[in-house]
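In what follows, a single structure is set out as structure tokens and then discussed.
What you see is a predicted model, and the numbers here were worked out from it, not measured in a lab.
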Amino acid sequence: MRGPPKGLDRLRVWNDRETDRVFHALSHAAGADIASAGRAELFHTAADLLKSFTGRLRADLTGAARQAQEQADSPLFWSLRLPTAELRIGIAEPVEPAPGLPFEVIAAAEIRLTPHDGRTRGRGHALWYCDAHTAQRFRWYETAFAPCHPDRVHLQHVPCALSPEVTEARDALAPGVTDAEYAVVWPVRELTVLTLDGFVDRWAGWLAAAAAGQPLEPGERPDASGTWRHG
């Protein structure tokens with residue numbers, strides 16, 4: 001008799017179920033636009049792609065850190081917990097059409113690293129399924145934000161992820177906004193099977209640094225500006 005699903009099969013089961021549940025719950029709130037066949041199809045494509053990326057991240061990191069504690073049964077995220085830090089990546093969630101953004105976003109998620117020492121800031125990056133580079137060419141992109149006045153804002157994660165639905169994200173992405181509260185500090189870069197090695201290796205390195213009690217590298221990249229289209 002076949003036993004219960006384990007490992008990646010288990011991850012696929014809960015992610016498939018949660019993808020359907022989250023989409024139907026939020027699509028009702030988002031209205032007819034997100035419930036349309038075209039947008040729904042794009043969302044499910046996004047969810048499947050992110051699920052495969054998460055599976056790869058999971059396989060590589062659990063293979064490299066066998067003493068870590070894995071949480072793969074949450075319907076909202078997968079995480080890998082070490083005694084001194086935790087890495088967490090969420091599932092894809094539908095995004096309401098957001099007027100003011102220079103491009104269209106279908107789905108969003110977050111990956112974040114949280115040290116447990118209470119002194120070191122973690123970092124979080126936004127994952128958006130959008131057409132950030134070419135209109136109507138939807139792909140997953142990774143980026144990150146930071147407050148323009150860090151002395152005024154206390155955040156656990158710097159840089160951090162922002163929802164594409166909030167004003168702070170729209171202002172950060174809009175050209176010529178001089179009083180924006182946040183700035184884009186990580187290049188808006190496409191996440192694909194071809195770039196996944198670098199993505200996994202980078203987050204594994206940050207996790208290892210946090211696990212060893214070492215400070216993470218500076219969160220701001222000078223080449224972040226202008227890495228997305230403005231309409």
Side-chain angles (χ1 to χ4, degrees), residues 42 45-46 49-50 52-54 56-57 60-61 87-90 92-93 95 98 100-114 120-150 153 155-210 215-231:
L42 284 170
T45 297
L49 282 172
L50 186 61
S52 70
F53 296 158
T54 300
R56 168 65 186 283
L57 183 74
D60 286 2
L61 295 191
L87 182 70
R88 176 180 297 197
I89 183 169
E93 295 191 5
V95 172
L101 280 175
F103 47 81
E104 187 174 5
V105 185
I106 301 296
E110 177 185 0
I111 181 169
R112 69 173 185 243
L113 174 61
T114 307
T120 306
R121 278 180 168 174
R123 67 182 302 137
H125 285 203
L127 303 175
W128 292 359
Y129 190 73
C130 58
D131 57 350
H133 287 175
T134 303
Q136 297 302 303
R137 182 179 180 270
F138 291 94
R139 300 290 188 274
W140 278 107
Y141 291 87
E142 179 187 14
T143 191
F145 303 84
C148 296
H149 305 286
V153 181
L155 295 175
Q156 187 180 10
H157 301 87
V158 178
C160 64
L162 290 178
S163 165
E165 298 172 339
V166 301
T167 301
E168 290 83 356
R170 295 196 294 270
D171 287 349
L173 292 161
V177 177
T178 58
D179 58 347
E181 294 186 28
Y182 284 79
V184 179
V185 296
W186 189 266
V188 180
R189 287 187 173 168
E190 187 176 343
L191 181 60
T192 68
V193 174
L194 297 178
T195 62
L196 196 55
D197 284 345
F199 174 82
V200 171
D201 186 66
R202 176 159 38 82
W203 283 99
W206 289 334
L207 179 61
L216 304 181
E217 67 179 63
E220 186 169 348
R221 287 276 299 270
D223 59 342
S225 179
T227 54
W228 63 94
R229 67 183 181 90
H230 294 292

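Every residue was checked against the salt bridge (Lys or Arg N to Asp or Glu O under 4.0 Å) condition with Asp179, not counting sequence neighbours, and none meets it. Not counting sequence neighbours, the partners of Asp131 by the salt bridge (Lys or Arg N to Asp or Glu O under 4.0 Å) test are Arg229. Residues passing the salt bridge (Lys or Arg N to Asp or Glu O under 4.0 Å) test with Arg170, sequence neighbours excluded: none. Every residue was checked against the side chain to side chain donor-acceptor pair (under 3.5 Å) condition with Glu181, not counting sequence neighbours, and none meets it. Every residue two or more places apart in sequence or in another chain was checked for a side chain to side chain contact (heavy atoms under 4.5 Å, CB included) with Ser225, and none qualifies. Glu190 meets the salt bridge (Lys or Arg N to Asp or Glu O under 4.0 Å) test with Arg137, Arg139; sequence neighbours excluded.
Taking the side chain as every heavy atom from C-beta outward, Tyr129 and Thr45 approach each other to under 4.5 Å. Contact annotation: the side chain of Arg56 approaches that of Val200 to within less than 4.5 Å [non-hydrogen atoms, C-beta and beyond].
Distance check, rounded to the nearest 0.5 Å: NE2 of His230 to CG of Leu173 gives 8.5 Å. Atom CZ of Arg112 is separated from atom CZ of Arg88 by 5.0 Å, given to the nearest 0.5 angstrom. Considering CH2 of Trp203 and CG of Leu57, their distance stands at 9.5 Å, rounded to 0.5 Å. Atoms CG and CD1, on Leu87 and Ile111 in that order, are 4.5 Å from each other to the nearest 0.5 Å. Glu110 contributes atom CD, which lies 8.0 Å from atom SG of Cys160 (distance to the nearest 0.5 angstrom). Rounded to the nearest 0.5 Å, atoms OG1 (Thr167) and CG (Leu162) are 11.0 Å apart.
The aromatic rings of Trp186 and His125 lie tilted to each other, with the angle between the two planes from 30° to 60°. Taking the six-membered ring where tryptophan is involved, the planes of Trp128 and Phe145 are tilted, since the angle between them lies from 30° to 60°.
What you find for Gly90 and Ala109 is that their closest heavy atoms are O-CB, 3.9 Å. In terms of heavy-atom proximity, His133 sits nearest to Thr227 at NE2-O, 3.0 Å. Listed here is the closest heavy atom pair of Leu155 and Arg121: O-NE, 3.2 Å. Of all the heavy atoms in Ala144 and Pro159, the pair that sits closest is CB-CB, 3.7 Å. Scanning all heavy atoms of the two residues, the minimum distance from Phe53 to Val193 falls at CE2-N, 4.2 Å. Shown here for Trp140 and Leu127, the closest heavy-atom pair between the two residues is CZ3-O, 3.2 Å.
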